[in-house]
Amino acid sequence: MTSIDLRSAKRLVEAIRLEELSAVEVVEASLRRIEEVNKDINAFITVNAQQALAAAEKLDEKLKRGEIVGPLCGLPIAVKDVISTAGLETTCGSKILKGYIPPYDATVVARLKEAGAIIVGKTNTDEFAMGSTTEFSAFGPTRNPVDRSRVAGGSSGGSGAAVAAGMVPLALGSDTGGSVRCPAAFCGVVGLKPTYGSVSRYGLISYANSLEQIGPIAANVDDCALLYRCISGWDPMDSTSYRTQLKEEACVKDGAKIAVPREFFSGGVEDVVAKRVWLGVEALRERGYVAEEVSLRSLEYALPAYYIIAMAEASSNLARFDGIRYGLFLKSGYRDWNTYFSKCRAEGFGPEVKRRVMLGAYILSAGYYGAYYLKAQKIRSLLKTEFQQIFSRYDLIVGPTMPTTPFKIGEKVEDPLLMYLIDINTVPPNLTGHPAISVPVHREGELPVGLQLIAPYFCEERLFQAAKMVEECLRG
Ligand code: GLN
């Protein structure tokens with residue numbers, strides 16, 4: 001059997017629609033590829049082979065009957081394991097949820113199914129999405145398909161690696177402070193953090209709910225856009241979701257202006273990263289964009305503000321995991337409930353989650369609330385104002401997604417601060433709510449480098465337009 005290239009969603013959908021390929025053939029190809037490489041890469045926590053094949057068969061029958069099929073018809077898709085899937089184990093990369101089977105689908109998952117996509121499995125993640133390398137997963141680290149001795153990025157490392165290794169054409173991640181864009185940059189694929197409120201969070205197991213969005217990952221910009229259009233839009237089940245239409249008019253004309261904050265290039269940005277990102281900026285200039293250096297002064301405070309807010313929200317969100325309602329359940333023999341809860345949480349949570357829950361509780365405690373949490377919220381406002389000021393003069397903001405190329409597994413895992421620092425450029429759009437995309441700018445054979453573009457609220461189309469130009473110039 002000739003092998004099926006799983007790296008272009010658009011082409012695969014066409015082939016399935018024209019009945020050149022059946023959905024079963026495509027899903028089988030995806031499962032074969034997973035079988036072949038996942039042992040080593042560890043992108044999947046759960047593979048959903050039987051249900052996926054059954055869904056593909058049903059879809060093929062529909063096609064034969066000439067019924068209308070959705071825009072993702074027959075496409076195998078991987079879903080990060082923090083997103084609820086009815087009847088399919090959802091662990092959040094944690095021992096505390098081992099064995100938990102959600103009774104309902106997240107809105108995004110329901111939309112994927114409606115659009116004809118087929119969920120082939122749940123992908124590896126740092127425990128409760130807390131991390132930047134997928135090394136904090138209770139199920140072992142994900143390896144980077146480009147160089148298996150290196151990290152795949154995180155926390156949606158499994159989704160990034162699954163796409164990069166050609167196991168699936170599309171994947172979903174979640175991005176609280178960079179978790180879609182970081183693995184996209186490290187694995188050499190495209191990832192989008194949508195505008196806060198444009199994709200429903202219903203069924204996403206919360207880490208820090210005021211910051212996070214579910215986002216698409218794909219091998220190219222067109223596929224990333226295709227998936228975004230299917231999952232976005234108002235949802236009555238998520239009160240923070242907006243009633244918006246996609247803004248085609250958000251696309252920019254000749255002479256569009258892009259701001260390049262010099263702070264995005266300072267402090268620990270590797271030379272090779274800066275060089276490749278500037279080549280990306282040059283590519284946009286060649287296409288008629290005007291690029292100017294600007295200053296983003298509050299960037300200096302963004303990282304501490306992010307970690308304070310994220311940890312505060314995490315400590316309150318994770319209080320629901322008590323060893324009774326979901327997943328882990330210990331056998332009897334405990335004197336009282338408090339001892340039981342402590343025991344479950346001590347056994348069920350890993351070290352990074354414990355660190356954050358404790359720091360979060362401290363940050364929110366009566367004596368320190370004003371000094372940390374309130375101050376962080378003020379910085380958040382400051383950053384928003386500064387972004388709005390830049391967007392009153394510029395159409396887009398650009399810089400490196402990550403300050404480094406993917407490093408070796410184990411290199412930073414013992415040093416939490418060093419690990420937090422690599423999020424410096426990805427956290428600002430989460431604090432402000434703006435949409436941001438990472439697009440590869442490295443050369444074939446080199447370690448991946450991602451360029452990040454940030455747009456005004458709900459201007460995702462503008463991101464796709466510019467990212468596509470970068471892709472055409474540097475990857476074509
Ligand atoms: N690395 C960041 C953190 O650990 C971002 C994680 C995420 O976006 N889920 O909080």
Side-chain angles (χ1 to χ4, degrees), residues 79-83 91-94 123-137 141-142 151-160 171-187 191-194 196 199 201 204-217 302-318 349-360 363 376 380 401-404 406-407 412-413 415-438 450 452:
V79 175
K80 185 179 182 179
D81 214 16
V82 294
I83 300 173
T91 67
C92 291
S94 179
T123 54
N124 202 4
T125 165
D126 287 290
E127 190 173 0
F128 287 98
M130 297 176 191
S132 311
T133 58
T134 321
E135 291 169 288
F136 292 130
S137 163
T142 296
V151 297
S155 61
S156 317
S159 289
L172 285 185
S174 68
D175 191 312
T176 312
S179 280
V180 162
R181 291 159 286 154
C182 164
F186 276 7
C187 294
L192 169 79
K193 195 289 283 184
Y196 188 80
V199 176
R201 286 182 299 105
L204 166 67
I205 298 171
S206 291
Y207 152 26
N209 43 284
S210 82
L211 300 161
E212 59 210 6
Q213 280 287 288
I214 292 170
I217 299 179
L303 197 75
Y306 166 80
Y307 272 97
I308 283 172
I309 294 168
M311 286 179 189
E313 292 185 18
S315 76
S316 111
N317 278 322
L318 267 60
F349 288 143
E352 183 59 24
V353 170
K354 284 180 189 157
R355 181 156 41 233
R356 296 195 190 196
V357 166
M358 283 189 282
L359 283 168
I363 287 162
R380 195 173 186 175
T401 309
M402 301 305 291
T404 70
F407 38 88
K412 295 190 202 262
V413 75
D415 188 336
L417 263 186
L418 217 57
M419 189 76 100
Y420 298 165
L421 282 174
I422 65 170
D423 299 336
I424 176 74
N425 290 352
T426 51
V427 299
N430 298 84
L431 286 165
T432 63
H434 289 96
I437 197 168
S438 179
Q452 172 172 247

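Side chains included, hydrogens not; waters and symmetry mates left out as well; all remaining heavy atoms used. One-based numbering, in listed order, for ligands and for the atoms of each.
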So which bit of D423 gets within less than 4.0 Å of ligand 1, heavy atoms only: side chain, backbone, both or neither?
side chain
Is E352 touching ligand 1 with its side chain, its backbone, both, or neither, if touching means heavy atoms under 4.0 Å apart?
neither
Where the side chain of D81 meets the backbone of G93, is there a donor-acceptor pair that is under 3.5 Å apart?
no
S155, portion touching ligand 1 at heavy-atom distance under 4.0 Å:
side chain
Would you please test K80 and S159 for side chain to side chain donor-acceptor pair (under 3.5 Å) and show each step?
CA-CA 6 Å; K80 185 179 182 179; S159 289; over 6 Å; no
Purely on distance, is any nitrogen or oxygen of K80 under 3.5 Å from one on ligand 1?
no
Minimum heavy-atom separation for N209 to E313, with atom names?
N-OE1, 2.9 Å
Note, Y307 side chain near L359 side chain (heavy atom, < 4.5 Å):
no
Could you tell me whether G177 and ligand 1 have an N or O pair separated by under 3.5 Å?
yes
Would you mind telling me which of V180, V199, L204 makes a side chain to side chain contact (heavy atoms under 4.5 Å, CB included) with E212?
L204
Tell me which part of Y420 gets within contact of ligand 1: side chain, backbone, both or neither, using heavy atoms under 4.0 Å.
neither
Considering both backbone and side-chain atoms of D175, is one of its nitrogen or oxygen atoms within less than 3.5 Å of a nitrogen or oxygen in ligand 1?
no
So do the side chains of L421 and L303 get within less than 4.5 Å of each other, counting heavy atoms only?
yes
Expected output: side-chain D126 to main-chain E135 donor-acceptor under 3.5 Å
yes
Sub-4.0 Å atoms of ligand 1 with respect to non-hydrogen atoms of Y306:
2 (C), 3 (C), 5 (C), 6 (C), 10 (O)
Test item, R356 contacting ligand 1 (heavy atom, 4.0 angstrom)
yes
Measure the distances from the heavy atoms of G131 to every atom of ligand 1 and state whether one is below 4.0 angstrom.
yes
Closest contact, heavy atoms only, L431 versus R380
O-NE, 2.8 Å
Which heavy atom of the protein is the closest neighbour of atom 7 (C) of ligand 1, given with residue, atom name and distance?
S179 OG, 2.3 Å
Which of the ligand 1 atoms, numbered from 1, are nearer than 4.0 Å to a heavy atom of A129
6 (C), 7 (C), 9 (N)
